Amino acid sequence: MVASMSTHFTNKHYIVTGAASGIGAATAKLLKEKGARITALDMHEPDARAADHFIKFDQGNFLSVKAAAKKVSEKIDGLFNIAGAPPTSASTPSDLLLINFYGLRALTEQLLGQVKPGGAIVNMSSH
């Protein structure tokens, strides 16, 4: 028997970066509506409907990424890396690469040991 989509996320714990706005906020809110527990990582606090727990972090700052990852004390069912800077932002190309690639990779590496067997990692980024 195949589990329905509405029960697939019940009692699962996911990390969602970029959960304060845009696609990250929509993803966190949808997962939460489906019964998941959400830990949001962002520079800004997300809407309470999108997260159960909030950890402030700056994906473009390796010390911030490392500190945020250390605050994740339990195993997770998945990581949704959605935080990023669009190419239309005032950031330099180096800043965009730092945020959208290196920061995303650093967080993934820091949390890899926290992902339960069979868990998932989803990476999205601006180009």
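Being a predicted model, the structure only gives us computed values, none of them experimental.
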Among I99, L104, L98, which residue satisfies the side chain to side chain contact (heavy atoms under 4.5 Å, CB included) criterion with Y102?
L98

If you take all heavy atoms of [X] and [Y], which pair is closest and at what distance?
X   : Y    : value
A69 : L107 : CB-CD1, 4.3 Å
A50 : A25  : CB-O, 4.1 Å
G24 : I82  : N-CG2, 3.4 Å
G18 : A83  : N-CB, 3.5 Å

What pairs with F57 under ring pair (Phe, Tyr, Trp, His ring centres under 6.0 Å), at least two apart in sequence or on another chain?
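F57 satisfies ring pair (Phe, Tyr, Trp, His ring centres under 6.0 Å) with no other residue.
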
Please, which pairs that meet side-chain hydrogen bond (donor to acceptor under 3.5 Å, both in side chains) have at least one residue in residues 16-31, sequence neighbours excluded?
none

Can you list everything that forms a side-chain contact (heavy atoms from CB on, under 4.5 Å) with I121? Sequence neighbours excluded, please.
L79, N81, T108, L112, V115, N123

Atom pairs and distances, side-chain donor-acceptor, residues 60-68, under 3.5 Å, sequence neighbours left out:
{"from": "N61", "atom 1": "OD1", "to": "L63", "atom 2": "N", "distance (Å)": "2.9"}
{"from": "N61", "atom 1": "OD1", "to": "S64", "atom 2": "N", "distance (Å)": "2.9"}
{"from": "S64", "atom 1": "OG", "to": "D58", "atom 2": "N", "distance (Å)": "2.8"}

What salt bridge (Lys or Arg N to Asp or Glu O under 4.0 Å) pairs are there with at least one residue in [range], not counting sequence neighbours?
range            : value
residues 74-84   : R37-E74, D77-K116
residues 102-112 : R105-E109
residues 17-27   : none

Mind checking whether I38 and M124 sit in one hydrophobic cluster, side chains of I, L, V, M, F, W, Y counted as touching below 4.5 Å?
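Same cluster.
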
Can you tell me which residue pairs pass the ring-ring contact (aromatic ring centres under 6.0 Å, His included) test with a partner in residues 12-47, sequence neighbours excluded?
F9-Y14, Y14-F80

Who else is in F54's hydrophobic cluster (ILVMFWY, side-chain heavy atoms under 4.5 Å, direct or via others)?
none

Working note: T39 + I76, criterion side-chain contact (heavy atoms from CB on, under 4.5 Å); need CA distance, chi angles, decisive distance, verdict.
CA-CA 10 Å; T39 298; I76 58 175; over 6 Å; no

Partner set under salt bridge (charged side-chain N to carboxylate O under 4.0 Å, His left out) for E45, not counting sequence neighbours
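Residues passing salt bridge (charged side-chain N to carboxylate O under 4.0 Å, His left out) with E45: none at all.
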
Measure the CG-CD distance between N100 and Q59 for me, rounded to the nearest 0.5 Å.
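Separation between the atoms: 7.5 Å.
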
I23 atom CD1: more than 12 heavy-atom contacts under 6.0 Å
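Atom CD1 in I23 is not packed in, count stays at 12 or less.
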
